[in-house]
Amino acid sequence: MPISKEYVAKRLILLMLVVIGVLFITFIITRIIPARPELLWAGPHATIEQIQKAREQLNLDKPILIQFILYLHGFFQGDWGISWRTRSPVLIDVLSSLTATLELIIIAFTIAFIIGVPFGVLAAIKKYTWIDDVARIVTVIGASMPVFWLALIVQLIFGTWLGILPSAKRVDEWVVIVTGFKQITGFYLIDSILQGNHMVFIDSLRHIVLPALVLASYPFCLSARMTRAVMMEVSTEPHVRSLIAWGLPQRTILFKYSLRNTLVPVIASIGLSFGYTIIGAFMVELVFVWPGIGYYAAMSLLSFDYPAVIGCVLIVAIFYCVINTLVDIIHSAIDPRVKL
Amino acid sequence: MIRFKEQRIILSLIVKKRLSLISLLIVLSFIVFGVSGPFIVPYPEDAWGLTYNVEKRFQPPSVEHPFGTDALGRDVFSRVLLGSSFSLIIAIGVIGLALAIGIPVGVVAGYYGGRIGTILMRITDMFLAFPPLLLAIVLAATLGRGLLNLIVALAISWWPWYSRLVYVQTNTVKNMPYIDSAKIAGLPSYKIMTKHVIPNALTPTLVQAALDMGSAILEAAGLSFIGVGVKPPTPEWGLLVSEGWQSINYAWWIAFFPGLAILITVVGFNLLADALRESADPRIRRTVLMRLGIKQ
Amino acid sequence: MNSNALSRPLLVGVIVVVVIAIAVGLYFILAPAPPTTTPTTTTPPSATIITPPTTPAKKVVVYASLSEMTTADPSTEFSNSILWLCLVYEPLLWYNPLENKFIPALAEKWEASEDGLVWTFYLRKDVVFHDGTPFKAEAVKSSIERTIELGQGAAFIWDPVDRIEVIDDHTVMFILKYPAPLDSIAASSYGAWIFSPNTENTPEWFNQGNDAGSGPYKLVKWDPENEVILEKFEEWWGWKLASYEMASGKAPDVFIVKIVKDAVTQERLVVSGDVDIAMYVPLEDVDRLKADPNLHVTIKPSFQNLLLLINTKKSPLDNVLVRRAIAHAIPYEDIVKVARSGLANIASGPVPTGMFGHFDDFRYKYDLDEARRLLAEAGYPAGIDKTLVLVYTAGDVYEQRTSELIAASLSKIGIKIDIRPMSWEEQWALAQSGWEDPNKAQDLFIFYWWPTYITPFDFLYNMFHSDSKSFNLCYYENSEFEKLIEEAITLEGTDEKKALELYYQAQKILYEDVPAVPLWDMIDVRVGRAYIGNLDNAVNPAYPTVIFAQVLNVEK
Amino acid sequence: MNRQPLLQIEDLSIDYIIVGGSIKAVRNVSFSINEGEVVCLVGESGSGKSTIGLAVAGALPENAIIRSGKIIFQGKDLLYEKSKNKKIDNVMIVFQDPAATLNPLFTVGEVISDVIRSHLQIRDKGEIREKALEVFRMVELPDPDRIFNSYPHELSGGMLQRVVIAISLSTNPKMLIADEPTTMLDVTLQAQILDLLLNLKKKLGLSMLFITHNLGVASEIGDRIIVMYGGEIVEEASSKDLINNPLHPYTKSLMECIPRTHIKHSRLKHIPGTVPDLRNPLKGCIFSDRCSEVMDICRVVKPLLKEYSKNHKVACHLYSEEEK
Amino acid sequence: MPSLLGGGEMKTELMKIKDLKKYFPIKTGLFGKIVGYVKAVDHVTFHIGLGEVVSLVGESGSGKTTIAKCLLLLERPTYGQILFNGYDITQIRGKRLKDYRRNVQAVFQNPFLSLDPRMNVYDIVSEPVQYHMKLSKKELYEYTSRLLEMVGLDQSFQAKFPHELSGGQAQRVAIARAISLNPKLVVLDEPTSALDVSIQAQILNLLAELKEKMNFSYLLITHDLSIVRYISDRVIVIYLGKIMEEGPSEYIFSEPLHPYTQILLSSIPDPFTQEVREKTILRGEPPSPVNPPRACRFHTRCPYVMDICKEEDPAETDYRAEHKVFCWLYAKK
């Protein structure tokens, strides 16, 4: 997997451009469209003088370009602004809610791809059987599912009607206090293992099951469908037919050769589905009261807390960019024709 | 053994055909309901949210109200039915607007290339760097709630996909021998562009766009659910689910049926896409192909 | 054909793996742990799964709040943080509006001069702040002066105060510019907190999660987005008193305010026992919850009310007849049924039911014929051809339902309404523009009000006085009305009867002028687990959304 | 012919299942190949020649169904063996497009190692590599070490085809199926590959089923030529016989179609019409609708492949009457 | 039957290609820096006579298609002149270009790719006519029908779309379109290599027939020497962007001079001459056009290579009238 310096430079420059571009677009949207941000900042009881002071604080008295440059300047020094809603630094807010989302997304993605890819493979090699037909129907339904609705239904069934799984929050406060659980990494499952805290581990596992499954539904169906479709395409390609003709064992053909060919587009789709999944996470977090970035962003949006909104958009965009880079690197590792 | 295998293959082909038929049926009925919705709703006042009925609140599904009634005593069935009209408007609006921006950008960048093309595509890439929908959410929230704002917000986050697709297609078509043969016939550039490049480059995009209507409905519903979409009492499906959420423990049907309507409609579009081309999520697939430099 | 040979084992393998995974998952997730719970515990069904350790457990009470916390500065905070400020900080007095009596807090006794201009408070002696500083009169002076100086939030309540004099360590005297009910002011829900003078006392310091209070609970975790954790302050003077109505021997050791932003989830959590008290539940479910033996539902009037503010400066609403027509075209009963499931009183004037200054004579009659007649008289026999814009705060289901009902009903008399959900900030910014150009602003505004301290003046001044640019979003100006309430407030501390009469006259003017249509006065519902005793007394309409944790009897 | 042929195909029929029917790609084909013999299957596109090659190699696409017939190789029925999932070591295949034949994600060495490992049961890596390098040298590949570690995209077309041949030879097969191995190559490279294959045949005594559409190539490499049209064999003869004395009208006209480098033509013959529709093949002779010498019987009765002279078979009514 | 070969007499020159050069830049990196050139065509000079059939023969990568593209003005040459009727056309635009287009047409390798899939046969064939000649609807219809008739397609084909045609039929449509403006020169870029043998013969016959009737010049670009022999008057053999040998096809086939031509000829499998020929097999692969060998480009693979071949480019040697060869073996020194 040769990665050239040029590629690294290119990616870094690209990341920089994306960050500035995203900042620029979001900044423009959020500064131009709401008529008077200083009113929001100064709060409902502000006097005229306070509003004027707010204008100065927010640099609103300066030309828009200067405002943007000042913002950029602060941004690269780690000053992402102060949330108008919580009055705490956006960077801290964003990072603290990010771990909750990551825990959810990582679990969802793991479920999705660990089950999804083999499921797709199975459907592909069982082409022309009921397994394939069922897989086709199940995955098309899953990929068309409005995730927020699924969340509601699942919550209703398992949380309210059956009452077997908790349907909100990350962990029971009571357990946290009783066991003296401390956050270290912010990932409850990891933290509880690190502390040998059996109760918190099980409790947070119980809490994460429903949201993670709901969130996993889309990437799962996507990866299964993608795998199935690509696998079928690959299996008709001459380089696979030739291996069959040369009498290699089917196991080798399937799991060594075809699978690697299949993984190239499948992994690319993982990167892209990340984008959809994070938006899915917005809704799932909203329904399951999961204190993640999606929840934070939704709340910030609804109360026009623009520094927070820009922060959220940015962190998500950076993540998206990083994931895409990762996909490129994995791609180049799999495919020797791709030189980075 | 042989006979069995043959029958399995034939059966599978039939299932495939059946599914395409079903999908066609779903999509057609969605369009029919969407167009005729306002004229055939059993309780038009309920559907438009112009009335309420205190006595009829939270009635479970019955013959009179097949989907039950909501918190204001309105017929959920009527609202879901009329919702198909709004979903249709949103889908057509979003896709249409996105195409209206995306096609010129893609065609110009693809056909003329050069510096203008590069600049246009870099701008497109910048928009594509946003995770899908995030931009739409921010825009929709900033513009304020409303049908038109929702459509604009979604279209703005959507057009770069089309412009990229059209760009790739235009580039492919531009290098096809039949374009050479048109050049050799001496046709002027504008004629080649209008008669050969655009029709050939756009057909796949337009088919794709038609199939994307399912996704547009899904994403619009998501935005409405978050609370940045249409405003009440518009019977948009996402908003209906969101309203039903308030009383889901008490009256599950209010949120259930509109969600089911979304699901069925989107399944219809996706199955149709499957039937037209063996595909995963069309949105994902086309970008994967673009990334990998494979032409469709 | 040959694919069978390979894929059969593969299929079996996949199935086996999935089955094992599901089995293990189910075991972990569903299998009840060995019941080592103490026998007295009445744990909810799902809570049995988690076993508390046998060591003497702390009593933890989780209270689900609908909105996130705002700021932590006791001088300037004027919003949701009241929820825990009431537990961490103390004022000089508490007020119980339902019995119309004051409860001593940091002040043991107080007295006012005849003319109502000089108020003397005698302070409690054995009080220490959480930082260890003993409480003295100087703290009262410095706290209130800081609040006045910062001039934010509810600082306006101290407007009558000319100066504060420290008589001795435990006596403090307020000299007023004009007569005012300083006892009410000192019991205000905002801006009346006393805090330690030894702390840094900067907004930043407070917002980092520090507290300088003297109350029964200390702030130990400040995560305004998600949760606020309070821990019992063992040295609080109230625990030591033999009988004090604001303290209980079985108060929780830890009190957690958990932000749960929707009522459905709150309901689910309180039913499952994941939270102990829910602030809001879907009102349709209240009857069902009442029947649940594991729960206790507290229903109390609240001094929060909902009004429809009318833009009195914009045509056609500048015509009083049109406003009256609207007032008669609103289905008050239906709104209360639909929006609040009956858990509200139909409003009569802007002062809420049960409060001092409320009169029952100001209800409009729902009468569409009368409304049509008025509209015709105003010159609109066929209805109004302009669509009126009604704004409400997005996400509030009560406001939403109320708005939809109003819109549906007004359409019957030919008034078309465009309902616009907005964020509060956006809504308020739009409304502010009305003072510059009323035509740019909304036509109708769905608006909640609740008092800072308990006086009708708070309602009447803020919403209808032309000096109150922030909240007079009817843009209403009436000098006669303004004179009446200005006089009434000065008399409140000394001549209650006369004050009441003036308030009556003022509200009569509003009734006729219809700058706003009061819709309903809220009845609060709090749902607690059954083992949370004395919940009824932990709720006080003067301090909305607060649960006075120190009075709870937790039987857990 | 007292010896048992190496490969014997009996009454082979293959269909492809498609939506709304099936393509009857190969119908009742029988022929045999002796040890050390090169037999060429010649035909235009759609004649079914490649399908037969794939069937022998056991690499038919999934929607193909073998309706009838046997493929007997060294006395064993390959179809039966395949269905029992046994490996067939002694038949290997070379495809048309060498660039597409090799998986782009794997080095040449990985593929050949896997082939050697699974066929020769060699476990030792060094030994496998030795074997691979040996066959590389056998096909005259320069710098075998470098090629072993190369990816397909790093090699040119001619080299790739040699690699593919090397892979096919690595299992010491008795028989090689070559499916249009030179079609994608330039003439000079085609000559190289043909030369190589002929050398290998001589050196290793390899039998070959060589599939091509080019009669010139066929005559150059084949001992025997089988002409196929529309999924059926129309003529079968030794190369010389066939070139010098073609019997079937199709073979004749095919021959006349070919422009010749060494003779100047004024006009080329051509066959009117288009290839037959194999979803509904003609009832009588499959060539009857394009044949210049068509008779009434041709449209009704299907002519059988019959011996016309020694080692020269033809399926045409023109000859059946005369002979009998 | 008159021979296609007009005999040895000098023909009126229709087109003259002088010193044609086409380099394609290779760009790389973030900023598209040019790191080298693909030297597709390097100083090529030849001519095409009126009514003459000239074949450009070479293997893949020899630059023959690039020459065709330059001639068709699909690519503008890097250097050199293309004289058509005495005018240099390399930089023409506007009306002159339109005139030129009318006179120079082309048929490409894959008919399915060179026909717009969204147009029916009638539209495809009538499109150039419509643009270049102002005909009434009826006239256009008649004209088009006549064209289709000429290529052997009847009325029923007019409404069909390319995907409904067989390969041979589609190529006929392409030919009809190419001849619709009655051009002076038709460039045939591998016109039969995508077709089956029986169909190939049909198309070649058609082309020969049309030439007889209309007296076009053909520039045939192909790697298949057998069809060259059949149709062309003169053959130009090209290797790695340079001409190796040029001469009347009689001579090239009966007495090839250049070693490369000889090898090329001997490589063609011919069913009828199999036993007599002694084959020369060319070893190795053609070098890359990015870094072509210095001096004589064939020296790396030439069986008769001499020292001078590696040092100096061979000059043009006129072996006999119209038969030129670029090889040191024949240099008159």
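So that the names make sense, note that chain A is the first sequence line, chain B the second, and so on, each numbered from 1. Just so you know, these numbers come straight off a predicted model, no measurement behind them.
- Counting heavy atoms of neighbouring residues, nucleotides and ligands inside a 6.0 Å radius, atom CZ of Phe319(A) does not exceed 12 of them.
- Neither the backbone nor the side chain of Gln96(D) comes within contact range of chain A, judged by heavy atoms closer than 4.5 Å.
- Within a 6.0 Å sphere centred on NZ of Lys70(D), other residues, nucleotides and ligands contribute 12 heavy atoms or fewer.
- No donor-acceptor distance shorter than 3.5 angstrom exists from the side chain of Ser118(D) to the backbone of Pro249(A), with no hydrogens or angles considered.
- Looking at Trp246(A), its side chain does come within 3.5 Å of a backbone N or O of Ile93(D) through a donor-acceptor pair.
- Per-residue heavy-atom pair counts under 4.5 Å with chain A were compared for Val94(D), Leu60(D), Asn103(D), and the maximum is reached by Asn103(D).
- Geometrically, Arg260(A) engages Phe106(D) in a cation-pi contact defined by less than 6.0 Å to the ring centre and at most 45° from the axis.
- Interface remark: Thr236(A) contributes no atoms to any contact with chain D (heavy atom separation under 4.5 Å).
- His239(A) places no side-chain N or O within donor-acceptor distance of the main-chain N or O of Leu105(D), the cut-off being under 3.5 Å.
- Most heavy-atom pairs under 4.5 Å with chain D: of the set Val240(A), Asn261(A), Val234(A), Thr252(A), this distinction falls to Asn261(A).
- Among the residues in residues 156-182 of chain D, those with a non-hydrogen atom closer than 4.5 angstrom to a non-hydrogen atom of chain A are Val164(D), Ile167(D), Ser168(D).
- With values rounded to the nearest 0.5 angstrom, Ile253(A) atom CD1 is found 9.5 Å from Asp114(D) atom CG.
- For the pair Tyr257(A)/Val111(D), a side-chain contact is recorded, criterion being any heavy-atom separation below 4.5 Å from C-beta on.
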